[in-house]
A.B. asks: 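Pasting in a structure now, in structure tokens, and then I'll have a few things to ask.
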Amino acid sequence: MRLIDAKGYSDVEVYKRANINRKLFSEIRCGDGYMPSKKTVLALAIALRLNIDETQDILACAGYALSHSVKFDVIVEFFIVHEMFDVFTINEMLFRYDQPLLGQ
């Protein structure tokens with residue numbers, strides 16, 4: 001959550017860009033011990049426009065990592081590396097390859 005403040009974004013701006021609802025965002029923000037899913041962490045990384053190193057760091061903090069053997073991870077990583085941070089465009093590609101969508 002400190003990244004939101006450090007990057008100068010508002011909470012509303014981030015959860016809308018991440019395609020997550022306000023209730024889930026509030027649980028992440030306020031819930032002690034709440035552990036978001038990997039999809040949610042990646043959606044937040046996209047919303048915060050994190051580079052690949054920052055994304056890997058935030059994933060590691062949540063106990064996750066990107067894998068080149070998982071199609072979902074490869075697709076999301078491609079968009080991050082190429083600085084394409086539109087969650088809806090990413091979700092279109094994920095849908096095309098029958099992968100779970102970001103946010104939701």
Side-chain angles (χ1 to χ4, degrees):
M1 292 297 131
R2 65 179 170 73
L3 283 172
I4 294 171
D5 299 329
K7 296 228 177 225
Y9 299 132
S10 72
D11 288 354
V12 173
E13 191 176 15
V14 171
Y15 73 71
K16 285 186 176 183
R17 275 195 287 188
N19 194 33
I20 60 175
N21 65 44
R22 186 178 51 162
K23 182 179 176 188
L24 175 58
F25 186 82
S26 179
E27 285 180 38
I28 295 167
R29 172 73 100 176
C30 303
D32 288 334
Y34 177 79
M35 184 60 65
S37 70
K38 183 177 182 179
K39 286 183 354 174
T40 301
V41 174
L42 284 170
L44 289 169
I46 296 294
L48 291 168
R49 295 179 167 101
L50 302 181
N51 65 36
I52 194 64
D53 292 330
E54 293 169 322
T55 299
Q56 290 171 336
D57 288 345
I58 199 171
L59 282 168
C61 287
Y64 303 112
L66 291 172
S67 170
H68 290 143
S69 64
V70 177
K71 194 182 297 187
F72 172 84
D73 290 2
V74 171
I75 293 168
V76 174
E77 183 177 353
F78 172 86
F79 281 91
I80 292 170
V81 167
H82 290 90
E83 298 180 357
M84 294 186 269
F85 297 111
D86 180 40
V87 73
F88 301 108
T89 302
I90 298 168
N91 278 343
E92 286 177 19
M93 186 63 68
L94 290 168
F95 182 79
R96 184 177 297 161
Y97 286 95
D98 197 30
Q99 296 299 303
L101 305 180
L102 293 173
Q104 307 283 330

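Numbers here are sequence positions counted from 1.
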A.B. asks: Just wondering, do L42 and I90 contact through their side chains at under 4.5 Å, heavy atoms?
C.D. replies: no
A.B. asks: Evaluate the side-chain proximity of L94 to L102: yes if any heavy-atom separation is below 4.5 Å, no if none is.
C.D. replies: yes
A.B. asks: Measure the shortest side-chain to side-chain distance between L48 and V14 over non-hydrogen atoms and say whether it is less than 4.5 angstrom.
C.D. replies: yes
A.B. asks: Can you give me the closest heavy-atom contact between S67 and V74, atom names plus distance?
C.D. replies: O-CG2, 4.0 Å
A.B. asks: Could you check whether any side-chain heavy atom of E54 comes within less than 4.5 Å of a side-chain heavy atom of K7, counting everything from C-beta outward?
C.D. replies: yes
A.B. asks: List the steps, then state whether side chain to side chain contact (heavy atoms under 4.5 Å, CB included) holds for N19 with L101.
C.D. replies: CA-CA 10 Å; N19 194 33; L101 305 180; over 6 Å; no
A.B. asks: Starting at OG1 of T40, measure out to OH of Y15 and round the result to the nearest 0.5 Å.
C.D. replies: 15.0 Å
A.B. asks: M35 and L44: same hydrophobic cluster, using ILVMFWY side-chain contacts below 4.5 Å?
C.D. replies: yes
A.B. asks: Determine whether I52 and L59 fall in the same hydrophobic cluster, where Ile, Leu, Val, Met, Phe, Trp and Tyr are linked whenever their side-chain heavy atoms lie under 4.5 Å apart.
C.D. replies: yes
A.B. asks: In the single-linkage hydrophobic clustering (I, L, V, M, F, W, Y; side-chain heavy atoms under 4.5 Å), do F78 and Y97 co-cluster?
C.D. replies: yes
A.B. asks: Nearest 0.5 Å please: distance from the NZ atom of K16 over to the CG atom of N21.
C.D. replies: 12.5 Å
A.B. asks: Return the CG to CD distance between L50 and E83, rounded to the nearest 0.5 Å.
C.D. replies: 11.5 Å
A.B. asks: Is there side-chain contact between Y34 and R29, with heavy atoms separated by less than 4.5 Å?
C.D. replies: no
A.B. asks: Between atom CD of E92 and atom CG of D86, what is the distance when rounded to the nearest 0.5 Å?
C.D. replies: 8.0 Å
A.B. asks: To the nearest 0.5 Å, what is the distance between CD1 on I80 and CG on L66?
C.D. replies: 6.5 Å
A.B. asks: For D57, give me all partners under side-chain contact (heavy atoms from CB on, under 4.5 Å), at least two apart in sequence or on another chain.
C.D. replies: none
A.B. asks: Apply side chain to side chain contact (heavy atoms under 4.5 Å, CB included) to T89 and M84, showing your working.
C.D. replies: CA-CA 8 Å; T89 302; M84 294 186 269; over 6 Å; no
A.B. asks: Do you know which two heavy atoms are closest between A43 and G103, and how far apart they sit?
C.D. replies: CB-N, 3.8 Å
A.B. asks: What's the separation between atom NE2 in H82 and atom CD in E77, rounded to the nearest 0.5 Å?
C.D. replies: 10.5 Å
A.B. asks: Is any side-chain heavy atom of Q56 closer than 4.5 Å to one of D53?
C.D. replies: yes
A.B. asks: Counting distance only, does the side-chain N/O of K38 pair as donor-acceptor with the main-chain N or O of A65 below 3.5 Å?
C.D. replies: yes
A.B. asks: Hey, does F25 have a side-chain heavy atom less than 4.5 Å from the side chain of I4?
C.D. replies: yes
A.B. asks: Is the shortest side-chain heavy-atom distance between V87 and F79 below 4.5 Å?
C.D. replies: no
